[in-house]
Amino acid sequence: MYDPKSLKAEEFISHEEILETLDYAKKNKDNVELIDQIIAKARLAKGLTHREASVLLACDIPEKIQEIYDLAEQIKKDFYGSRIVMFAPLYLSNYCVNGCTYCPYHLKNKHIARKKLSLEEVEKEVIALQDMGHKRLAIEAGEDPVNNPIEYILDCVKTIYSIKHKNGAIRRVNINIAATTVENYRKLKEAEIGTYILFQETYHKESYEKLHPTGPKHDYSYHTEAMDRAMEGGIDDVGLGVLFGLELYQYEFAGLLMHAEHLEAVHGVGPHTISVPRIKKADDIDPDAFDNGIDDEIFAKLCALIRISVPYTGMIVSTRESQKVREQVIRLGVSQISGGSRTSVGGYQEDIRPTDTEQFDVSDQRSLDEVVHWLMDMGYIPSFCTACYREGRTGDRFMSLCKSGQIQNCCQPNALMTLKEYLMDYASEDTRKVGEALIAAELNHIPKEKVRLICEDHLQKIENGIRD
Ligand code: SAM
C-alpha cells in the first residue's frame, strides 16, 4: 500500500490514508477479536502501526481500555523503570514573524512585550537554572530571521555549555526552534545540541494553512519535512509533537504515528521523543476559540496509546499540565517532565513569576524542589542524567541500548548518582531525607551486583564532595 521509504514525509502522512485509517478504526471499534489481537501484538513491546493503534483509540469498551492502561504501565516500567528525566525550558526570544493563530508570539500581537536575551542575560538565566539543579534545557524561540538568526541560537548554545557555576554545568541543550535548512541543522549538530524538537502543530494540511495564515511557517511541506532535513544535517535525535486542541485528536494521533513510521523507515531511527502539548490560555489567545479541545480522560488514553505504540520513544509532558494530570500520565508512559518552569523571556532571574512575556499559562507552578519531592513520594527517581549524550549514545545507538534491556544496568545507576548530586547540592532538607531513603531502597533494584557495587562507590564519592 504505502511505501514509507520512497515517499516524502508529507506524501506518506497523506490525508487520504488518515481518513481511511479513521474509517477503519470506527468500523472496528467494537471488534473484540481484532482488538484482542492488537493488544496481544502490543504486549510484544515492538510497537503498533498507526492503523492498529487507531482502532484501540476508537475502542470505548471499558475492560479493553483498562487492559491498554495496564499494558502501558507495564511497558513504561519495563523500559524506563521508575526514572523520570527532568528538564526546564529556556525562552530566548519572543520576536516572531509568523501569524500562528493560537500563539501569543504572533506578529500582530501588539500588547505583548517583545524581548530577546543578550548573551549576558542568557548567562544569568542559566545560572538561575543551575542554582535550581537543572542539567538539561530545552531552548525556545520565535521565528525571526532578523532578530533570532541561526547565529544567535548557536551563540546562545555555546554560551550555555560554557557556563561553569558552582557544582553544575548544563550538559544537554535541546532545541525547539522553527523548521530550517539542512545547512542550519548541520550547524546545530556541530554545536552539539541534544534533541531537535519541532511540533507539527497539526497534520491536517488544510487546517494547518488556516492556523498559520502568514509567515514562513505557513508552508506545510517545509514544516512537515523538517525532521528529514534535520536528519540529513546529522541530527539523529528528533522530537515530534502535535498541539492537541487544534484539530481532531484521532486525526493527529494517526498523523503522529505515521510520522514516526516514516522516520524509522527512511532514516532507520524513529523519534527520540514525542511531546503532547495541549493548547493553553495565553495573551491574545482563548483556547475555547479552538473547538477540538480534549478532556483529561482522552489525554490519558492518548498517552497510554503512544506508550504502547512506540515503546522506545520517550514521552514529554510540560508544565502546561496540572499536577493531577501529570501524576496520571507519568504512570501511563511519560518519561520526561519539566519542573520549576517559566515560559517568559528572562523569567528565571525574577523573584516573582513574570507574565508580560509569557508564552502560555503554566498550570504546574511548583518549584523544582517541590516537583522532585513529589516524584519521590510516588516512588519515582527524578533523573538529571545526560550520560548517553556525553558518551555519544544517540539515535540508533541509544535505541539499541533501549531494545537490549540493558538500560536497567546503565540508566538506573546513573539516575541514582545524578539524584544524589542534586540532593547534596540543591535540595531542601526535607527533600534530601526522602531522596536518601529512596536511593538506599533503589540500589537493591540494580540487577548486576558488580554494577551495584560501582554505583555504591560513586555515591560515596559524591557524598565526599567529588563531582562528575
Ligand atoms: N517557534 C518555534 C516553532 O514555530 O516551532 C517553536 C517555539 S514555540 C515557543 C513552542 C511551541 O509552543 C509551539 O510549537 C506550539 O506548539 C506551542 N504553543 C504555542 N502557543 C501555545 C498555546 N497557546 N498553548 C500551548 N502551547 C502553545
Side-chain angles (χ1 to χ4, degrees), residues 87-107 109 112 114-117 137-145 147-150 152-153 156 174-180 184-185 188 195-203 207-208 211-220 222-227 229-230 238-247 252 256 273-290 292-294 299 316-322 325 338 341-345 347 355 357-364:
F87 78 97
L90 171 58
Y91 282 75
L92 298 180
S93 167
N94 61 6
Y95 282 96
C96 193
V97 296
N98 286 313
C100 315
T101 55
Y102 50 84
C103 180
Y105 291 180
H106 70 83
L107 184 64
N109 186 0
I112 188 169
R114 298 290 168 170
K115 203 170 165 189
K116 167 187 169 181
L117 297 180
L137 302 182
I139 64 176
E140 312 274 342
E143 178 167 16
D144 185 328
N147 285 300
N148 319 328
I150 194 73
Y152 169 68
I153 305 291
C156 290
N174 296 334
I175 308 276
N176 184 2
I177 59 165
T180 185
N184 286 346
Y185 286 125
L188 289 169
T195 310
Y196 171 64
I197 298 168
L198 180 69
F199 300 158
Q200 178 64 31
E201 321 299 7
T202 175
Y203 285 96
S207 299
Y208 180 96
L211 290 158
H212 306 95
T214 53
K217 196 163 170 176
H218 177 72
D219 188 337
Y220 179 82
Y222 191 71
H223 191 78
T224 310
E225 283 154 21
M227 294 315 192
R229 290 194 302 280
V238 298
L240 303 180
V242 290
L243 185 54
F244 284 105
L246 300 180
E247 248 302 334
E252 304 296 19
L256 192 57
T273 55
I274 288 182
S275 300
V276 286
R278 282 196 281 187
I279 192 157
K280 294 281 301 174
K281 194 174 173 345
D283 183 76
D284 211 32
I285 307 295
D286 174 9
D288 294 336
F290 302 89
N292 292 302
I294 52 171
F299 185 64
I316 303 179
V317 79
S318 74
T319 51
R320 289 177 183 86
E321 299 301 333
S322 66
V325 170
S338 44
S341 304
R342 300 237 166 138
T343 66
S344 41
V345 181
T355 51
T357 62
E358 215 174 30
Q359 200 205 3
F360 52 81
D361 284 3
V362 170
S363 292
D364 187 346

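When a ligand or atom number is given, it counts from 1 through the structure's own listing order.
Across Glu201, His106, Lys280, Arg320, heavy-atom proximity to atom 17 (C) of ligand 1 is greatest for Arg320. When the heavy atoms of Arg278, Lys217, Glu143 are ranked by distance to atom 4 (O) of ligand 1, first place goes to Lys217.
Every heavy atom of Gly245 sits 4.0 Å or more from the atoms of ligand 1. Heavy atoms of Pro277 stay at 4.0 angstrom or farther from ligand 1. Ligand 1 lies out of reach of Lys281, whose nearest heavy atom is not under 4.0 Å from it.
Looking at Lys280 and Ser363, their side chains do bring a donor and an acceptor atom within 3.5 Å of each other. Between the side chains of Ser344 and Arg342, not a single donor N or O lies within less than 3.5 Å of an accepting N or O.
From the protein, the heavy atom lying nearest to atom 21 (C) of ligand 1 is Tyr102 O, 3.8 Å. Here the protein heavy atom with the shortest distance to atom 6 (C) of ligand 1 is Asn176 OD1, 3.4 Å. Summary of contacts: the protein heavy atom closest to atom 11 (C) of ligand 1 is Phe199 CD1, 3.8 Å. Protein heavy atom at the shortest distance from atom 7 (C) of ligand 1 is Ala141 O, 3.5 Å. Shortest contact from atom 19 (C) of ligand 1 to any protein heavy atom: Gln359 NE2, 3.2 Å. Considering only non-hydrogen protein atoms, atom 5 (O) of ligand 1 sits nearest to Leu198 CD1, 3.3 Å.
Looking only at side-chain heavy atoms (C-beta outward), Leu92 and Cys156 come within less than 4.5 Å of each other. With contacts defined as side-chain heavy-atom distances shorter than 4.5 Å, the pair Leu117/Tyr91 does not qualify. Side chains of Asn292 and Leu246 form no contact here, defined as non-hydrogen atoms less than 4.5 Å apart. Counting heavy atoms from C-beta outward, Glu225 and Tyr220 have side chains that stay 4.5 Å or more apart.
Residue Asn98 has no nitrogen or oxygen atom sitting less than 3.5 Å from a nitrogen or oxygen atom of ligand 1, judged on distance alone.
Contact annotation for Glu140 and ligand 1: only side-chain heavy atoms (C-beta onward) come within less than 4.0 Å of the ligand. Here Leu243 has side-chain heavy atoms under 4.0 Å from ligand 1, and that is the only part of it that gets that close. Within the 4.0 Å heavy-atom criterion, neither part of Cys96 lies near ligand 1.
For ligand 1 and Ile279, the ligand atoms under 4.0 Å from any heavy atom of the residue are 24 (N), 25 (C). Residue contact check: Cys103 has heavy atoms under 4.0 Å from atoms 19 (C), 20 (N) of ligand 1.
Ring-plane geometry between His223 and Tyr208 is classed as tilted, the angle between the planes lying from 30 to 60 degrees on a 0 to 90 degree scale.
Remark: Tyr152 engages no residue in a ring-ring contact (aromatic ring centres under 6.0 Å, His included) (not counting sequence neighbours). Residues passing the side-chain hydrogen bond (donor to acceptor under 3.5 Å, both in side chains) test with His218: none are found, sequence neighbours excluded.
At least one test fails for Arg278 against the ring of Phe360: distance under 6.0 Å to the centre or angle within 45° of the axis.
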Legend entry - Verdict with reasoning, Glu143 to Lys217, per salt bridge (charged side-chain N to carboxylate O under 4.0 Å, His left out): CA-CA 8 Å; Glu143 178 167 16; Lys217 196 163 170 176; over 6 Å; no

